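Below is one structure, written out as structure tokens; comments come after it.
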Amino acid sequence: ETLKFAFQGTLNALDPYSLNETFTLSALGNAYEGLTRRGADLEIEPALAERWEVIEPNRWRFYLREGVKFHNGNDFTAEDVAFSVERVRSEGSDLLTRIGSEVTVEIVDDHTIDFVLPGPNPILHYEWDTFYIMDKEWTEENDAVKVTSASDTTPNYAALNANGTGPFKIVSHEPGVKTVYETFDGWWDDAPHNLTSVEFTPIGSDATRVAALLSGELDMVYPVPVQDIKRVDSNSGTRALTGPELRTIHLGMDQMRDELLYSDVKGKNPFKDIRVRKAFYQAIDIEAIKAKVMRDLATPASLLISPFLYGRADEFERYPYDVDAAKALMSEAGYPDGFTVSMDCPNDRYVNDEAICQAVAAMLARINVKVDLVAQPKAKYFAKVLASGGYDTSFYLLGWTPGSFDSWNILENLVQCRDDSGAGGAFNLGGYCNAEVDALKDKILSENDPEIRDELIYQAYAIANDEVSHIPLHQQGLAWGVSDKLELVQRADNQFKFRFVTKN
Amino acid sequence: MSVLDIRDLKVEFPGRKSTFVAVQGVHLEVEAGKILGVVGESGAGKSTVGNAVIGLLQEPGRIAQGEIRLHDDRIDTLPEKQKRHIRGRKIGMIFQDPLTSLDPLQTVESQLVETIRTHLPLSSSQARARAIELIDAVGIPNPSERISQYPHQFSGGMRQRVVIALALCAEPELVIADEPTTALDVSIQAQILELMKRLCADRNVAMMVITHDMGVIADITDHVAVMYHGKLVEYGETHQVLGAPQHRYTQSLISAVPRPDVRVERFPVVDYIEKAGKPAKQIDIATHWLGQTRDYTKTDGPLVEIEDLTMRFEVKGSLIPSRRKHFDAVKAVSFDIKEGETFGVVGESGSGKSTIARIITGLYHPTAGTIRFAGTDLTSLTNRRQILAMRRQMQMIFQDPYSSLNARMRVRDIIAEPIKFHRLASSNSEVRQIVEDLLDHVGLGAAAGKKFPHEFSGGQRQRISIARALATRPRFLLCDEPTSALDVSIQAQILNLLKDLQDELGLTMMFISHDLAVIRQMCNRIAVMKNGELCEVADCDTLFESPQHDYTRHLLKLMPSMELLSRANIETA
Amino acid sequence: MSDVSEKQTESVIATDRDTGAPDTMSAFGRFMDSDILHSFLRSKVAVIAAIGTFMFFILAFTAPWIAPHDPFDLASISILDARVPPIWMDYADPRFLLGTDDQGRDLLSGIFYGMRISLIVGFCSVIAAAIIGISLGLVAGYMGGRVDAVIMRIADVQLTFPAILIALLIDGAARGIFGSLDREVFSFWILIFALALSFWVQYARTVRGSTMVEKNKEYVQAARVIGIPSIIIMVRHILPNVTGPVLVIATINLALAIVTEATLSFLGVGMPPTQPSLGTLIAIGNDFLYSGEWWIAIFPGLALALLVLNVNLLGDWLRDALNPKLR
Amino acid sequence: MLGFAMRRLVQAMIVMLVVALLAFTLFRFVGDPVNQMVGVETSLEQREALRESLGLNDPVPVQFWRFISNAAQFDFGTSYQFRQPVSDLFAKRIPATLELSFVSALFALIVGIPMGVYAGLNRESAVSKLFLSVSLVGISLPTFLIGILLIFVFSVNLQWLPSFGRGETVQIGGWWTTGFLTVSGLKALILPSITLGLYQMTLIMRLIRAEMLEVIRTDYIKFARARGLPDRLVHFRHALKNTLIPVITITGLQLGAIIAFATITETVFQWPGMGLMFLQAVQNVDIPIMSAYLLLTAFLFVSINFIVDILYFLIDPRLRVERA
Ligand SMILES: Nc1ncnc2c1ncn2[C@@H]1O[C@H](COP(=O)(O)OP(=O)(O)OP(=O)(O)O)[C@@H](O)[C@H]1O
Ligand SMILES: Nc1ncnc2c1ncn2[C@@H]1O[C@H](COP(=O)(O)OP(=O)(O)OP(=O)(O)O)[C@@H](O)[C@H]1O
Ligand SMILES: [Mg+2]
Ligand SMILES: [Mg+2]
Ligand code: NI
């Protein structure tokens, strides 16, 4: 059977190390495999590594699966792993975080390999499901040892061809147009799917993508805009699969500068005042956003992390929506008549991002804050708000998924102190800073005991929450449109794995 | 039995405030093999009758009354589809304005061939052969080459002949020719008239010829209709009408025909005017606006000196230089025009007369030669201001009156424009007065100022362009067939005005005309051209009395005879 | 003056065609008597179209007084009112005649307010583009040679950049020059400027082409012989004869300008999303076509289509009215 | 002629230089490419290093010069998004765009011209009024709305035509892929070319109508009628030809625009052409694609306008150089 599906974005280069982005990794993950993989519920499973153990606190040993072949027929060995490790952390790779430069690799035998770490790290392999192993001979033969990077002037063989060990091989790839997969007969695992080939087309226009599903031209499309879910469901022959996603959408406020860049308050920064931040928080009716903007396909969040990724998330609660309390806080802070502030918002990045911002603006108007909304495409938005633009924002909306599925990633990127150039919490655009939180974060990284680790995380979140470091909004939902002929698994990380698909 | 039978025709142009009746109560008949001449005042409705017959009245014109029959079948009420089958095939039409009648984007050949093939069952090569034959028959030299050219590459007279060829090409039973020979020199005119007569005689074609030229009427027509103010005032056999005119208008019209044989001081004017009205009063230049001072210094030498003027047109472009074709319209022509004189230019149609005029006014850049105006070499002038200063002193009346008028401007604005831009009047109200006065002098009346050019008859348009040319108070006036579309009465009035201006103010004129009688009355010296070359230049009387060049003699010999005209009144003038 | 004015030469048989008012009457009188007005009043379509267009302007500019809500006032809108259907449908809310959009803005008021933006931006940019284009086109066509080459190559450069890039460029440049600017004021100008810049070439090239043809005609030559300065020839003689295509393009471009404005706003260079124009409303509604909330796109779309229809009919009439032969 | 063409070629070079220069000043305002090229977790130092290695930190004149000197050797660099040579990408996308443009231009002309002539001749006819109004409504709705409505009706509801893509394509020659030879390829062309051609059709139709109204009142049309020519000749050979100067001007410009900027239509129908690629390039600040694209567009417009100018001469003999 042929599976035809569409996604809103394109699959660009096929080099598995040149872009650390969910869809690219997801699409390549059907052809390539890592040492580990994640199952239907995101649990870590052995893949190319049959098993692994921490033989010393600083040494991890991986026992590789035997008899695995690459699509070109080469055998999979420890050499390939060692090669891939070097390649993934070489210059030009976008997946440098997969494995630190201080880690050394020791080949024990053809199918055993050791990783020696500078210090203990309980989450070493958390992201290895998307650290795909390449074939050393193939890569070298084709002159593709260097990672395909944007600054290359000649095309890299690995950018146009793929040679993995996965269940599907890529037989043709026209970036931005179409990519065709075929089943790889020599796959080591039992194939639960019944596909012979897969055709992927990027379709940027939401309406067209949905139409192509409704008309039966495609078997599966994603994402489905929240407003069209009902339509997809009610259409005979198609259904919408929805589920929570891991990304948390939040608002941030510039708490670093002594005067806001875009505000009518001069000489001081209202966001330095917790009361103002809290007033903003309490002015937002998250349930209304959920119901009206997200059509219930969102989970209001009280933390910057999804409850799926942090067990104790349910111990936190959102500050209640209370306009009067918010007004009172504003008065207390000395802004009974509010103030004007400009808000930066992407309009093509997250689900209904601009609509959320508009709704927030309208809600803040109730506490007399006049929001001047600047909604831009992501290219301009990120150029403005990120470090290279000098964190040129006063109030912004951002979404974040921790790549390692772990809170440390959040604290590191979003909460940690930073300086003007971006050293520190690079995506802490508002520049929230609390030394205590930073200290906790460091401890969390090296703590091996899960209980204690969770407690430390709890403490860090508690401080940030008390100080209203950010205003978490919600986890946006996943929505896939699927033909009734299809059975598949929708993973919360929004990765689409063909091996779970059956078509009849 | 008559081919064409017009009964009680009334044509009106409904306007916004009132309806203008252009033609009323006209009865005409044309028999097979016979030629009917229609003469009359400019604007009398002659063309309108012709247009009504072929069913192509200009909007919003309509036939309000009467019937038009062709071989006893009514044709004015036919649906558009069936009219198409009559046009071209049964009725050939020559419109008054030959210069705008041809599609500018199609070669003469394709226009001829398509017409021929529409009506006659010929192959395209046969049609082409016939087209060449026709072009030759109307006297255009070098027909097989000329035929592939575009209308704008033809001279005025040549285009007129193409139009004639087009009207005749499907061998129609009735030909309506609206001033078919205005732009033709006498020799070609004779050839064309001969062609028409032959058609009538051999093929039994009926013909209706509208013209101002009494010579033509006398020469070829069997019957004459005289129109005045939209009505038929006299209708009868030619010798009778011309020899013993009954109506006062006819009488005075005939008496006003300029004489080619003797030179008189002023042109006799028509003194018949219907309704209470005064005849045109002489203009008192001393006090008149037109006579006010001009700000240029007199020159000692000739005003215009032309030396070795050559004009070469590229008629076939090509990437390869050797395949390009050229045509020398003017070949090394030299002459002078003295201040205050009227310099006549006559000559074969297509001999380069208009081209010379256009070069002098700066519309064409000559390929070689120099033009000096008041001592300044015009060809070498580069300073825009100087060029403009020169231009102001020269003025041209274009051969084609209609296309030289901006169709989107009202007549009063057209005439006022030069006055305004040369600051010849101090206030707007003065400008308005001058415009109205000028309109009066060319016989249009002030009310004409409000209208647009397309609402006028051919002769009326010509007068508008004369008024515009005069409005600049020129020092040197180039007249390219200025009165070709005018009936003799209006013509006389205008030529007298020009003469007055010249006498009083020393206006210098270059006067291009085919009408030898007019030339004789108007000009001091005359140049004769043929084939782009100057044949001879001589004083007026010398030329008429003792022509030197063969071609000149040939022309003079062909002047239409005027024996038929009743000259009864002329002696009294 | 010689007084031959009474010499009558007109063939006046039945009634005098032009007994019209004397030239001395007032400007108003002359206007009332003018052919344009007359042809206007006579053309039913023109009158209806004019009234229609006028209505649009009235509605747009009196929006603050006549609109039932102020959709630009964020404090007055509530997301809870989002996507209410028009009054005649189930689940409607009597406050919202035509329903609401995704933010809970009253659609009827949104159309009135949005129209103001669209009308200003649309008309100003089309007029500006036409003025730039016509002048450059006339000059290029009339002068020819090097002037023509320079202008037309500038036009080619211009054509290369679509409106979105121009808008980004202008927006960036404006921010660079004026620093962080008052968006509400400047976004208008940026939009108008960007649209005008991207549309002028059409006018320029069309006018140039027609000018090249017209300038060889005898009436232009006659004007040159009279000694009228080139600039006047271009404006008074050639321009009226080449307006036909210009009017067609301008009236059609109006729609394009209004729609393009929405695209530019999406790129973040135009009006903020909290102040949607007609085009933006349509663009928003576009997302809701499949989900059954058709009214968000369709009502503003209808308003725009009606506006464009009226303006085009008016343009058709005007073109005819300006041509004396068609009156 | 030859001299004219040579002069145009030199002018084209200058135009392209200016375009490149403008393009490089412009890119600063489009956004930051680096953020589009790396994943979110890429550290700032790496981003900075990438920026440095791409030469984005160099002053604009330096970047410009680098680009020009490479472009002179037909090297337009490697796309940031696709990591492929820009020239390869263009080669793959051009057939799709050209075929779509061709069909929609054909549609615009085949419907626009006769309807324009008809509407010009029958000013009062109900059919022409209806057609004029409907086409106006058509263009006053934004392209994407039209596209989506068409998809909704013909793909989703009736399921007659595909909603996206080119259908099956056939490779001919080395690199040209065509959709003309398969049924699904032809079907796939219908909706996008209507969407794309609607605006041009309306414009052409209205232009021709307006010009026809004037031309049919000229003397030469009157004379052509008087010669008894059939309506077909009068209307198409004489009248239509005399309306053509503005029409071909606009057609040329529109053709250039649909080849170059069919962005919205291509996006709606996921048509794998250049417009789609350009829009993505703008969204992702893919500077090599954008700059090469703009150069290509500049060349396209210069050529089209060159052809249009030549057509002027072919159509109107009065414009041909007169002086020898
Ligand atoms: N379209 C029009 N609208 C209004 N009046 C018109 C129109 N066409 C012609 N007329 C008027 O009809 C009258 C007759 O015009 P017509 O062209 O028949 O004159 P004519 O006898 O041919 O004159 P000429 O010898 O000058 O050509 C003129 O007075 C003219 O002003
Ligand atoms: N633009 C042009 N291109 C080519 N040939 C031309 C052009 N203009 C005029 N000619 C040719 O030049 C010759 C002279 O034309 P011109 O108009 O000066 O004749 P003319 O003496 O005024 O004749 P007529 O009395 O018939 O008006 C003609 O043979 C004509 O065909
Ligand atoms: Mg006449
Ligand atoms: Mg001549
Ligand atoms: Ni007087």
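Lettering follows sequence order; numbering is per chain, from 1. From a predicted model like this one, the values you see are computed outputs, not experimental measurements. Worth knowing before you read on, the calculation uses all heavy atoms, side chains too, and leaves out hydrogens, waters and symmetry mates.
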Exercise. Chain C contacts: which residues in residues 242-249 of chain D have a non-hydrogen atom closer than 4.5 Å to it?
Worked result: Ile245(D), Pro246(D), Thr249(D)
For this session: Mind checking the CD1-OH spacing from Ile148(D) to Tyr290(C)? Nearest 0.5 Å is all I need.
Result: 6.0 Å
Problem set entry | Ala283(C) versus chain D, the contacting section by heavy-atom distance below 4.5 Å | both
Seminar exercise, completed: With chain D, the option among Asp316(C), Ile249(C), Ile258(C), Asn253(C) that has the most non-hydrogen atom pairs under 4.5 Å is Asp316(C)
Exercise. So which residues of residues 145-153 of chain C are in contact with chain D at a heavy-atom cut-off of under 4.5 Å?
Worked result: Ala149(C), Arg153(C)
For this session: Quick one: do Asp309(D) and Arg208(C) satisfy salt bridge (charged side-chain N to carboxylate O under 4.0 Å, His left out)? Show the steps, please.
Result: CA-CA 11 Å; Asp309(D) 283 354; Arg208(C) 164 181 174 265; 3.1 Å; yes
Seminar exercise, completed: When rounded to the nearest 0.5 Å, the distance separating CD1 of Ile264(D) from OG1 of Thr260(C) is 7.5 Å
Problem set entry | Straight-line distance of Leu149(D) CG to Leu289(C) CG, nearest 0.5 Å | 6.0 Å
Exercise. Could you give the distance from CG (Leu313(C)) to OG (Ser133(D)), rounded to the nearest 0.5 Å?
Worked result: 6.5 Å
Exercise. Quick one: what part of Lys217(C) sits under 4.5 Å from any heavy atom of chain D, side chain, backbone, both or neither?
Worked result: side chain
Exercise. How long is the gap from OG1 on Thr160(C) to CG on Leu294(D), to the nearest 0.5 Å?
Worked result: 7.0 Å
Seminar exercise, completed: If one checks every heavy atom of Leu304(C) against chain D at 4.5 Å, the contacting part turns out to be both
Problem set entry | Heavy-atom pairs under 4.5 Å with chain D, option from Val242(C), Ile252(C), Val259(C) with the top count | Ile252(C)
Seminar exercise, completed: Of Val308(C), Val157(C), Val45(C), Leu302(C), the largest count of non-hydrogen pairs under 4.5 angstrom with chain D goes to Val157(C)
For this session: Start with the C-alpha distance between Val15(D) and Ile154(C), add both sets of side-chain angles, then the distance that settles side-chain contact (heavy atoms from CB on, under 4.5 Å), and finish with yes or no.
Result: CA-CA 7 Å; Val15(D) 166; Ile154(C) 293 176; over 6 Å; no
For this session: Quick one: pull up CG in Leu159(C) and CD1 in Ile304(D) and give me the separation to the nearest 0.5 Å.
Result: 9.5 Å
Seminar exercise, completed: Counting heavy-atom pairs under 4.5 angstrom with chain D, the leader among Ile166(C), Ile282(C), Leu307(C), Leu256(C) is Leu256(C)
